[in-house]
Amino acid sequence: MGVEGCTKCIKYLLFVFNFIFWLAGGIILGVALWLRHDSQTTNILYLQLGDKQAPNTFYVGIYILIAVGAVMMFVGFLGCYGAIQESQCLLGTFFTCLVILFACEVAAGIWGFVNKDQIAKDVKQFYDQAFQQALMAEPEMNNGKAVVKTFHETLDCCGPDHAIGVITPLWRDDLCPKKDSILKSIVETTNCHKKIDELFSGKLYLIGIAAIVVAVIMIFEMILSMVLCCGIRNSSVY
């Protein structure tokens, strides 16, 4: 015997929420894959300075997001199917998966919040080392020049600060993006530290908004799944 009345409304409401949850998982997976293959991040984070690899802290977070997005799509499908079939077993499994996923999301959010400044700091330190090598050492002795040029061309910046960014093209025009005139170099040049901060803070901002929306949906789903489970149990008695 199927559920009736308010419980039936909850059943379809849970289905709708799960469909949204499934879509959200697809969006997060898509955003994570976009970040993983975005030219700005890949050009920088695949660089190697001598034997030193560029910091991979950012990619750790991206791989976590990919896993979360894939799991969300699976859990969303499980919830939709469990609600339509009115299966207490499937709904119980769905609730357990939601609790685990919610705990993982909170842990990932804390990790991201704690490490958000460290990610940019590590990349800036890597850039500074490459910039020093590019200025001081012979080009054939290291690949610092290639690393620095990748930063400059990808982020359209020059130098670790504005003063150095303005001066550098005057005596090392092979390092910075070429401008039409010296005046343009002075006015339009942005330091790379600022650009690196903007790059990572902008992407983390998008991730944070998505995580908050998903967390709210998950809380509603946990409540609705338990209410529906109780309704199914009560209706089977009669």
Side-chain angles (χ1 to χ4, degrees), residues 11-47 53-85 87 89-120 122-123 154-155 195-226 228:
K11 167 185 170 178
Y12 290 111
L13 191 60
L14 181 61
F15 177 86
V16 171
F17 267 105
N18 272 301
F19 183 71
I20 295 171
F21 188 72
W22 180 82
L23 285 178
I27 291 170
I28 287 179
L29 182 61
V31 169
L33 290 173
W34 167 66
L35 292 174
R36 173 65 180 76
H37 298 288
D38 180 42
S39 59
Q40 280 195 315
T41 52
T42 51
N43 285 350
I44 290 172
L45 295 176
Y46 272 153
L47 291 173
Q53 189 70 35
N56 63 354
T57 317
F58 182 72
Y59 275 148
V60 172
I62 297 302
Y63 290 131
I64 291 173
L65 276 180
I66 290 173
V68 167
V71 172
M72 279 178 61
M73 291 187 73
F74 170 75
V75 173
F77 173 78
L78 184 67
C80 285
Y81 188 72
I84 291 299
Q85 294 295 319
S87 169
C89 179
L90 287 176
L91 288 173
T93 305
F94 167 71
F95 180 83
T96 304
C97 290
L98 270 186
V99 172
I100 295 171
L101 194 59
F102 185 79
C104 290
E105 184 180 345
V106 171
I110 293 171
W111 180 88
F113 181 78
V114 170
N115 288 279
K116 66 183 177 67
D117 294 328
Q118 188 62 39
I119 295 171
D122 289 344
V123 175
T154 302
L155 301 179
K195 284 285 191 176
I196 291 169
D197 284 332
E198 290 175 357
L199 172 66
F200 289 104
S201 63
K203 294 184 186 303
L204 289 174
Y205 175 72
L206 288 173
I207 294 169
I209 291 176
I212 291 171
V213 171
V214 169
V216 171
I217 294 173
M218 287 170 71
I219 291 170
F220 274 108
E221 288 193 323
M222 283 188 278
I223 296 170
L224 291 174
S225 62
M226 282 297 95
L228 182 57

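Taking CE of Met222 as the reference point, atom CZ of Phe95 lies at 6.5 Å (rounded to 0.5 Å). Expressed to the nearest 0.5 Å, how far CD of Gln85 lies from SG of Cys80 amounts to 12.0 Å. Lys11 contributes atom NZ, which lies 5.5 Å from atom CD1 of Ile84 (distance to the nearest 0.5 angstrom). In this structure, OH on Tyr81 lies 7.0 Å from CG on Leu90, to the nearest 0.5 angstrom. Note: Ile217 CD1 to Ile212 CD1 = 12.5 Å, rounded to the nearest 0.5 Å. Atom OH in Tyr12 sits 11.0 Å away from atom CG in Leu228 (nearest 0.5 Å).
Side-chain contact between Phe21 and Leu101 is present, with heavy atoms from C-beta onward closer than 4.5 Å. Ile28 is not listed as a side-chain neighbour of Ile66, based on a closest heavy-atom distance of 4.5 Å or more. Annotation: side chain of Val75 is not in contact with side chain of Trp22 (no heavy-atom distance under 4.5 Å). Here the side chains of Val68 and Cys104 are not in contact, with every heavy-atom distance at 4.5 Å or above.
For the pair Leu29 and Met73, the tightest heavy-atom approach, listed with the atom from each and the gap, is CD2-SD, 4.0 Å. The heavy-atom pair separating Phe94 from Leu14 by the smallest distance is CE2-CD1, 4.3 Å.
With sequence neighbours excluded, the residues forming a ring pair (Phe, Tyr, Trp, His ring centres under 6.0 Å) with Phe17 are Phe220, listed by chain and number. With sequence neighbours excluded, no residue forms a ring pair (Phe, Tyr, Trp, His ring centres under 6.0 Å) with Phe74.
Under the 3.5 Å distance criterion, the side-chain polar atoms of Glu221 are matched with a main-chain donor or acceptor of Asn18.
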